[in-house]
Amino acid sequence: MSLSRLLAAGIFAAGVAHGSVSFAASPCGHSPAHEAFSVQGLKSELMVTALKCSAQDRYNDFVAKFRPELLAAESKLNGYFRSVYGRKGQQEFDNYITQLGLVQEDAGLQSGTLFCQQRVSMFDEVKALENAADLANYADGKDVAQPSTFEACAAPSTSHPTAPTRRRTTRKA
């Protein structure tokens, strides 16, 4: 086994171990919404890294490899935002995606010239991942900036209000 594969496997194992602890420490445990926020955050961070560090080909390889998982996470988030915000769900989801990118770009600016040195290695790490579970555990184990904290246990169920009931009143003559 080459040194780089051994290193990648060690980093992956550490990420999985950290991810397991994070889920266990979460008041909700592991949930699809929590996983989707983690995966979306990782995807966004890799995109910012690709743009800032001229690694677009590596980002494209990541997206191609995990396209079904990334689409599933996005679908879960769309469902989360629809159930929390109703008709404004798509708008709120779009706002979240925009804010996520801005927060991560700002973190990159704060890192200065070290940003690319610190982040580009993530492409090697995600390349070593094999499946959706690996991706979710890796994403949860990364310290990815998020624009705000969401209760990612599950979105509350929406109740459909009934039509208002009109009372019949009688007028006194």
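Reckoned from all heavy atoms, side chains included, excluding hydrogens, waters and symmetry mates. Just so it is clear, the model here is predicted, and its values are computed rather than measured.
- Residues V144 and V120 do not share a hydrophobic cluster, clusters being chains of Ile/Leu/Val/Met/Phe/Trp/Tyr side chains in contact below 4.5 Å.
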query = How far apart are the C-alpha atoms of E92 and R82, what are their side-chain angles, what is the distance that settles it, and do they pass the salt bridge (charged side-chain N to carboxylate O under 4.0 Å, His left out) test?
reply = CA-CA 9 Å; E92 292 297 325; R82 267 193 319 273; over 6 Å; no
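- Residues D61 and K65 have side chains not in contact (no heavy-atom distance under 4.5 Å, counting atoms from C-beta outward).
- Counting heavy atoms from C-beta on, the side chains of K127 and F62 never come closer than 4.5 Å.
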key: Worked check of ring pair (Phe, Tyr, Trp, His ring centres under 6.0 Å) between Y80 and F93   = CA-CA 9 Å; Y80 175 89; F93 174 74; over 10 Å; no
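- Atoms CD and CZ, from Q90 and F81 in turn, are 10.0 Å apart once rounded to the nearest 0.5 Å.
- Here the CE atom belonging to M122 is positioned 4.5 Å from the OG1 atom belonging to T49, to the nearest 0.5 angstrom.
- Screening residues 55-114 for disulfide bond (SG atoms under 2.5 Å apart), with sequence neighbours left out, gives no hits.
- Within the structure, every pair that satisfies the disulfide bond (SG atoms under 2.5 Å apart) test and touches residues 34-96, not counting sequence neighbours, is listed here: C53-C116.
- Under the 4.5 Å side-chain heavy-atom criterion for grouping Ile, Leu, Val, Met, Phe, Trp and Tyr, L71 is not connected to I97 through any hydrophobic cluster.
- At least one side-chain heavy atom of L135 sits less than 4.5 Å from a side-chain heavy atom of L42.
- Atoms NZ and CG, from K43 and L46 in turn, are 10.5 Å apart once rounded to the nearest 0.5 Å.
- Partners of K52 according to the salt bridge (Lys or Arg N to Asp or Glu O under 4.0 Å) rule, which considers only residues two or more places apart in sequence or in another chain, do not exist here.
- Connectivity analysis of hydrophobic side chains (ILVMFWY, heavy atoms under 4.5 Å, direct or indirect) links F115 to V48.
- Side-chain atoms of N137 come within 3.5 Å of backbone N or O of A133 as a donor-acceptor pair.
- Side chains of R58 and D124 form a contact here, defined as non-hydrogen atoms less than 4.5 Å apart.
- Take F123 and apply the ring pair (Phe, Tyr, Trp, His ring centres under 6.0 Å) test, not counting sequence neighbours, and it matches no residue.
- Pairing each heavy atom of S38 with each of A139, the nearest pair is O-CB, 3.5 Å.
- The CD atom of E35 sits 10.0 Å away from atom CD of E69, with the distance rounded to the nearest 0.5 Å.
- Residues L129 and F66 have side chains in contact (heavy-atom distance under 4.5 Å, counting atoms from C-beta outward).
- Between Q40 and Y96, the side chains place no donor N or O within less than 3.5 Å of an acceptor N or O (distance only, hydrogens not considered).
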Please output the side-chain donor-acceptor pairs of residues 98-106 that fall under 3.5 Å, not counting sequence neighbours, one pair per line with the distance.
unit_1: T98; atom_1: OG1; unit_2: D94; atom_2: O; d: 3.0
unit_1: Q104; atom_1: OE1; unit_2: S44; atom_2: OG; d: 2.6
unit_1: Q104; atom_1: OE1; unit_2: E45; atom_2: N; d: 2.9
unit_1: Q104; atom_1: NE2; unit_2: G41; atom_2: O; d: 3.0
unit_1: Q104; atom_1: NE2; unit_2: A145; atom_2: O; d: 3.1
unit_1: D106; atom_1: OD2; unit_2: Q110; atom_2: NE2; d: 3.2

Trace of the side chain to side chain contact (heavy atoms under 4.5 Å, CB included) decision for V39 with K76 = CA-CA 11 Å; V39 169; K76 287 175 191 170; over 6 Å; no
